[in-house]
Chemist: 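Have a look at the structure that comes next, please.
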Amino acid sequence: MKLSLCTITFRHQLISFAQIVRFAHRHHFDGIELWGTHAQHLYDHDRLEMEEQVRLVRDQGMSISMLSDYLDIATSSGFQRTLEKAKRLISLAKWLHVKQIRTFAGQKASNEVGPEERARYVHHLQILCKMCHEHGIQLLVETHPNTLTDSMSSTLALLQEVNHPALKVNLDFLHVWESGADPIDAYEQLRPWVAHYHLKNISSPNHLPVFAPHNVYAPNGDREGMVLLGEGVVDYGPILEKIADTDYFASIEWFGQSPQRVLAEEVEWLRKAMMVRA
């Protein structure tokens with residue numbers, strides 16, 4: 001398993017991409033998961049410097065592991081804008097030599113989406129998958145609350161309904177656990193589609209709302225309960241036993257304070273934990 005950090009971790013810090021690259025190399029990360037918003041900004045305003053940094057990333061044996069963004073699949077009226085955004089993301093992915101784009105499967109809980117609405121979501125995902133596939137890119141839906149991948153039954157159904165080789169899963173173990181599923185069982189069921197992992201933890205189920213997008217992205221949002229991977233309610237020991245030997249990237253998705261210190265501690269903890277289980 002390869003380890004990456006997420007640039008979204010630094011969404012509220014005054015830090016450049018070059019500084020993130022130096023930090024990642026110094027702490028022996030294998031890659032960097034780039035937030036789509038950051039990628040677009042770097043393309044628009046710092047293209048030559050970014051291309052130099054991407055070459056440096058590759059020269060140092062790292063890679064940009066995935067572009068993480070959000071494609072709206074809910075409405076027919078707004079889908080043209082989604083197609084235009086997807087084209088931009090595909091262009092950015094090719095510019096950065098990235099083979100994976102992450103999105104969410106809607107913005108409503110699966111049990112609140114009726115059959116007709118669900119069919120529209122599926123149709124839109126099929127179109128987006130076809131677009132990505134034509135460029136050799138995988139489209140990853142993340143296991144996440146309040147989307148069509150908020151439960152194992154809905155996730156598995158969605159994968160069968162879309163039925164496209166470009167559709168893969170970014171398996172977020174905390175969110176799978178949050179759904180009530182066993183993370184190991186979920187991994188085994190989703191294994192044919194899994195192509196990337198997100199790793200994070202929480203001290204108590206009472207604090208799970210801190211990961212709601214409106215809170216996570218707010219500079220003054222609540223961060224209570226965000227803890228190190230080895231200190232939360234999700235037991236990563238058995239999970240690492242299952243995934244340590246796989247060839248996919250696992251991003252440490254830290255949204256809390258002191259990102260450099262936490263990421264340095266987390267990557268060291270993960271390296272040691274994987275060595276113990278090797």
Side-chain angles (χ1 to χ4, degrees), residues 1-6 8-9 29-35 63 65-71 98-106 109-110 125 129 132 137-202 205 208 211 213 216 229-230 232-255 266-267 270 273-274 277:
M1 185 173 71
K2 296 170 285 189
L3 300 178
S4 53
L5 57 80
C6 304
I8 198 172
T9 294
F29 279 90
D30 302 298
I32 297 171
E33 181 182 323
L34 191 58
W35 196 23
S63 61
S65 61
M66 184 165 69
L67 275 186
S68 294
D69 215 292
Y70 319 93
L71 292 165
V98 176
K99 296 295 185 183
Q100 296 180 329
I101 296 173
R102 189 293 313 265
T103 188
F104 286 174
S110 59
L125 280 173
C129 283
C132 289
I137 292 171
Q138 298 174 333
L139 183 66
L140 279 64
V141 288
E142 179 168 322
T143 52
H144 198 281
N146 298 314
T147 70
L148 290 189
T149 52
D150 61 4
S151 70
M152 281 303 298
S153 59
S154 182
T155 302
L156 289 166
L158 180 69
L159 293 166
Q160 297 291 349
E161 289 160 348
V162 177
N163 190 29
H164 195 286
L167 186 66
K168 300 295 179 183
V169 169
N170 178 45
L171 180 54
D172 187 308
F173 286 100
L174 176 68
H175 290 321
V176 162
W177 173 87
E178 179 180 2
S179 76
D182 176 74
I184 301 299
D185 182 57
Y187 169 72
E188 294 292 355
Q189 290 190 67
L190 295 173
R191 197 166 186 168
W193 296 276
V194 168
H196 197 283
Y197 314 110
H198 268 180
L199 311 180
K200 58 177 175 283
N201 219 333
I202 194 81
L208 284 169
F211 293 118
V216 158
L229 292 171
V233 292
V234 174
D235 182 0
Y236 272 94
I239 292 171
L240 292 176
E241 286 186 10
K242 282 288 182 182
I243 67 175
D245 291 335
T246 61
D247 195 36
Y248 304 123
F249 271 99
S251 289
I252 302 168
E253 198 179 35
W254 177 252
F255 292 113
E266 292 285 55
V267 73
L270 280 166
M274 289 193 294
R277 289 163 176 81

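Here the structure is a predicted model, which means the values were calculated and not measured.
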Chemist: Taking Leu229's backbone N and O only, do any of them form a donor-acceptor pair with Asn201's side chain (distance below 3.5 Å, no angle check)?
Modeler: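 Yes; judged by distance alone, with no hydrogens or angles, the pair exists.
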
Chemist: Measuring only between side-chain heavy atoms, which start at C-beta, is Thr155 closer than 4.5 Å to Gln189?
Modeler: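 Not touching, per the 4.5 Å side-chain cut-off.
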
Chemist: Taking all atoms of both residues into account, what is the closest heavy-atom pair of Tyr248 and Ala195, and its distance?
Modeler: CD2-O, 3.5 Å

Chemist: OG1/Thr149 to CH2/Trp193 distance, rounded to the nearest 0.5 angstrom?
Modeler: 13.5 Å

Chemist: Could you check whether any side-chain N or O of Ser251 sits under 3.5 Å from a backbone N or O of Glu253, counting only pairs where one atom can act as donor and the other as acceptor?
Modeler: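 No, because the side chain of Ser251 does not come within donor-acceptor range (under 3.5 Å) of the backbone of Glu253.
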
Chemist: Show the nearest heavy-atom pair for residues Phe211 and Val216, with the distance to one decimal.
Modeler: CA-CG2, 3.5 Å

Chemist: Indicate yes or no: at least one non-hydrogen side-chain atom of His196 is less than 4.5 angstrom from one of Gln138.
Modeler: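 No; the side chains remain at least 4.5 Å from each other.
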
Chemist: Could you tell me the separation between the CG atom of Leu270 and the CZ atom of Phe29, rounded to the nearest 0.5 Å?
Modeler: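 Interatomic distance, Leu270 CG to Phe29 CZ, rounded to 0.5 Å: 8.5 Å.
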
Chemist: Would you mind telling me which of Ile252, Asp30, Ile32 makes a side-chain contact (heavy atoms from CB on, under 4.5 Å) with Leu5?
Modeler: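 Between Leu5 and the candidates, side-chain contact (heavy atoms from CB on, under 4.5 Å) is satisfied uniquely by Ile32.
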
Chemist: Would you indicate whether the side-chain heavy atoms of Leu208 and Leu174 approach each other to under 4.5 Å?
Modeler: yes

Chemist: Sort and list the pairs that fulfil ring pair (Phe, Tyr, Trp, His ring centres under 6.0 Å) and have at least one residue in residues 138-162, not counting sequence neighbours.
Modeler: Phe104-His144, His144-His175

Chemist: Counting only N and O atoms by type, is there a donor-acceptor contact under 3.5 Å from the side chain of Thr143 to the main-chain atoms of Leu171?
Modeler: no

Chemist: Check whether any side-chain N or O of Ser154 sits under 3.5 Å from a backbone N or O of Ser151 as a donor-acceptor pair, and report yes or no.
Modeler: no

Chemist: If you take all heavy atoms of Met66 and Val98, which pair is closest and at what distance?
Modeler: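 Closest approach of Met66 to Val98: CA-CG1, 3.8 Å.
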
Chemist: Examine Lys200 relative to Phe255 and say whether NZ or CZ is less than 6.0 Å from the centre of the six-membered ring and inside a 45° cone about the ring axis.
Modeler: no

Chemist: Among residues at least two apart in sequence or on other chains, which ones pass salt bridge (Lys or Arg N to Asp or Glu O under 4.0 Å) with Glu178?
Modeler: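 None.
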
Chemist: Would you check if there is a donor-acceptor pair between the side chains of Glu33 and Ser68 at a distance under 3.5 Å?
Modeler: yes

Chemist: Just jot down the salt bridge (Lys or Arg N to Asp or Glu O under 4.0 Å) partners of Lys168, sequence neighbours excluded, or say none.
Modeler: none

Chemist: How about NZ on Lys242, more than 12 heavy atoms from neighbouring residues, nucleotides or ligands closer than 6.0 Å, or not?
Modeler: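 Count not over threshold, so no.
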
Chemist: Please work out which of the three classes, parallel, tilted or perpendicular, describes the rings of Phe173 and Tyr187, given edges at 30° and 60°.
Modeler: tilted

Chemist: Would you compute the distance between atom SG of Cys129 and atom CD1 of Ile101 and round it to the nearest 0.5 angstrom?
Modeler: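 Answer rounded to 0.5 Å: 10.5 Å.
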
Chemist: If you define the side chain from C-beta out and look only at heavy atoms, does anything of Leu240 sit under 4.5 Å from Met1?
Modeler: yes

Chemist: Supply the atom-to-atom distance Leu199 CG to Ile243 CD1, rounded to the nearest 0.5 angstrom.
Modeler: 5.5 Å

Chemist: Which atoms form the tightest heavy-atom contact between Gly106 and Thr147, and what is the distance?
Modeler: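 Minimum heavy-atom separation between Gly106 and Thr147: O-CG2, 3.3 Å.
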
Chemist: Is there a side-chain contact between Val234 and Ile239, using heavy atoms and a 4.5 Å cut-off?
Modeler: yes

Chemist: Ignoring hydrogens and angles, tell me if any N or O in the side chain of Asp150 forms a donor-acceptor pair with the backbone of Ser110 under 3.5 Å.
Modeler: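 Side chain of Asp150 to backbone of Ser110: a pair is present.
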
Chemist: Okay, side chain of Thr103, backbone of Leu71: is any donor-acceptor separation there less than 3.5 Å?
Modeler: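 Such a contact is found between Thr103 side chain and Leu71 backbone.
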
Chemist: Do Val141 and Leu148 make a side-chain contact, defined as non-hydrogen atoms from C-beta onward lying under 4.5 Å apart?
Modeler: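 No; the side chains remain at least 4.5 Å from each other.
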
Chemist: Is there a side-chain contact between Asn170 and Gln100 in this structure, where contact means two heavy atoms from C-beta onward sitting under 4.5 Å apart?
Modeler: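 Result no, sub-4.5 Å side-chain heavy-atom pair not found.
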
Chemist: To the nearest 0.5 Å, what is the distance between CG (Leu67) and NZ (Lys99)?
Modeler: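 Answer rounded to 0.5 Å: 12.0 Å.
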
Chemist: With rounding to the nearest 0.5 angstrom, report the CD to CG distance, Glu161 to Leu167.
Modeler: 11.0 Å

Chemist: Mind checking whether Pro213 and Tyr70 have side chains closer than 4.5 Å, heavy atoms only?
Modeler: no

